[in-house]
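Hydrogens, waters and symmetry mates are skipped; everything else that's a heavy atom, side chains included, is used. Chain letters run A, B, ... following the sequence lines, proteins first and then strands; every chain starts at 1.
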2 protein chains.
Amino acid sequence: MQKPAADSDNKTDISLAERLFERIGEEIVAGTLPPGAKISEPALARRFGVSRTPLREALRRLEERKLITSARNVGSRVVSFSLAEVMDVYHAREALEGMASRLAAQRMSAAEIDGLRGVLEDHRRALAERTDGAYYQDSHDLDFHYRIARGSRSFLVEKILCEEFYLLIRLFRRRHNWIAGRGRRAWEEHVRILDAIKDGDAELAEILMRRHVAAARLSFEASQRLLAPDGVSPEATHPLLTKKREK
Amino acid sequence: MQKPAADSDNKTDISLAERLFERIGEEIVAGTLPPGAKISEPALARRFGVSRTPLREALRRLEERKLITSARNVGSRVVSFSLAEVMDVYHAREALEGMASRLAAQRMSAAEIDGLRGVLEDHRRALAERTDGAYYQDSHDLDFHYRIARGSRSFLVEKILCEEFYLLIRLFRRRHNWIAGRGRRAWEEHVRILDAIKDGDAELAEILMRRHVAAARLSFEASQRLLAPDGVSPEATHPLLTKKREK
DNA sequence: CACAATTTAATTGTCGACAATTTCCACGGC
DNA sequence: GCCGTGGAAATTGTCGACAATTAAATTGTG
């Protein structure tokens, strides 16, 4: 299975609308289009040198991906997550990644498990070279969580985790500061999860993954508390739930 | 919080694109646009008396909702789920609805719980009047699961369950046949889940909800086995994971 | 000066047209 | 009958224009 929404080398294979979707999504994640920013279709269309029609199609998709919010006749705005909302994403992740691990324990092949073992070994080496203890997985294909979601063999779990949540996770991963020792511990938790999967222990795999994601949530929360005035937008009540019928 | 994508009484409040999204979604769920059917933009635009532009916007959203699949320069097709894929939806539901119940046990107000108790009482009466033992919750607002998702106070859990999964669930609920006694037992399970929520027992609420959804999965599966040649499309490998880079 | 009303400018939603691509159909060859 | 080819028809993706709505700027009044 080839990951659908990624680094297509042949640029003529994808439509303008899809390319815009990807590029604007990346700009949102990178902060080029910052949280809360109003999206002007004409300005963006001029910037990219395209007509507004494919741009609007891309915006509709970005809205479904929860990266922007839109209101009729008003336009779109880059989403801005409060800490509570980030916590909600972690809760949803915990549930789905737990289930993904359970299914992976039942469905993942020995070759896939071995491959992931090698990936974790690469991670360990990269981690050992860092002086700040941060544990990043820069390549999506080599991301532990991505591999588990794929190993679940559940089209929906994979699609939600690898496509819908992927941009969300990256969006506020920029706000995350690694607490001392957490990187190493996260890696160890990965190893234990994989052990449980290899043993076919679905329940243990789920428990360990849920603990892992919960620990990541707590770690994120702790790091935000440390820099509360800068890193949090507590005034941001999430507009997705109130905006649509505001009128 | 007003549910965003539903029965808006004032038709001028929503754009054409959004109205098309809703109507086409309903036609897919109702089977008017049957699984596997090719979607012709010009034909649909003529039928609805609109230009293709808002129609395309609606299709982009329907694609994100997993109700249609699209390929560049080829067009869109109504999705067709195999039994295995329906099972995957149940797995994802189990995870998220379990988490929703856990959060609801922590966050739901006494008034909300009482209101839901009344809803269940209405359900019991409706169930007692049925001779076929089928347990339908025709109104979304009065749907037990919807209420729990709202009670979770997690924007993302709610959005996924109440918006993204809602149409999917209805899509193959039409294929579900109630096995004798399952309707009554499902209602009883609802009551127990609500009891756990009222007691603030988050873990029990989650366990009971997960069991409930798993039982629904097994019930669905059993009903499909009973009518295998008619109700299953086993040849349908899910196109979402293979179609995009087919070219 | 502050606020309300009006005007102007910009943006948003939809339309229909055009170019590119795919699908369909007829015909010929084996 | 089946398969391949070519051309016409249909569809898809994008463009720019127009009408409706919103936002910003300007003017008038107390």
Hey, does the side chain of B:Ser15 come within less than 4.0 Å of C:dG13's phosphate (OP1/OP2), counting only N and O? no
Which of residues 41-56 of chain B have a heavy atom under 4.0 Å from DNA chain D? B:Glu41, B:Pro42, B:Arg52, B:Arg56
Between A:Glu63 and B:Arg61 (salt bridge meaning N to carboxylate O under 4.0 Å), is one present in this structure? no
Contacts of A:Asp114 meeting salt bridge (charged side-chain N to carboxylate O under 4.0 Å, His left out) (sequence neighbours excluded), chain-then-number -> none
With sequence neighbours left out, the residues meeting salt bridge (charged side-chain N to carboxylate O under 4.0 Å, His left out) with A:Arg93 are A:Glu97
In plain terms, say whether A:Arg107 and B:Asp88 are close enough for a salt bridge, that is, a side-chain N and a carboxylate O under 4.0 Å apart. yes
Sequence neighbours left out, what passes salt bridge (charged side-chain N to carboxylate O under 4.0 Å, His left out) with B:Arg47? Give chain and number order. B:Glu27
Under 4.0 Å from OP1 or OP2 of D:dA24: is there any side-chain N or O of A:Lys38 that close? no
Distance check needed: C:dT14 P versus B:Leu16 CG, whole Å only. 5 Å
Starting at atom CZ of A:Arg72, determine the distance to atom C1' of C:dT11, rounded to an integer number of angstrom. 14 Å
Tell me: CD of B:Glu57 to P of D:dT14, nearest whole Å? 13 Å
A:Leu20 has an atom CG; how far is it from atom C1' of D:dC15, in whole Å? 14 Å
What is the distance, to the nearest angstrom, from the CZ atom on A:Arg60 to the P atom on C:dT12? 10 Å
Residues passing the side chain to side chain donor-acceptor pair (under 3.5 Å) test with B:Arg56, sequence neighbours excluded, are A:Glu57, B:Glu41
Would you mind telling me which of C:dT23, C:dT14, D:dC15 lies closest to the side-chain atoms of B:Val74? C:dT23
A:Glu26: which residues meet the salt bridge (charged side-chain N to carboxylate O under 4.0 Å, His left out) condition with it, sequence neighbours left out? A:Arg170
Using whole Å, what does the distance between atom P of nucleotide D:dG13 and atom CZ of A:Phe21 come to? 16 Å
In whole Å, I'd like the distance from the CZ atom of A:Arg19 to the P atom of D:dG13. 14 Å
Measure CG/A:Asn73 against P/D:dT22 and give the value in whole Å, please. 5 Å
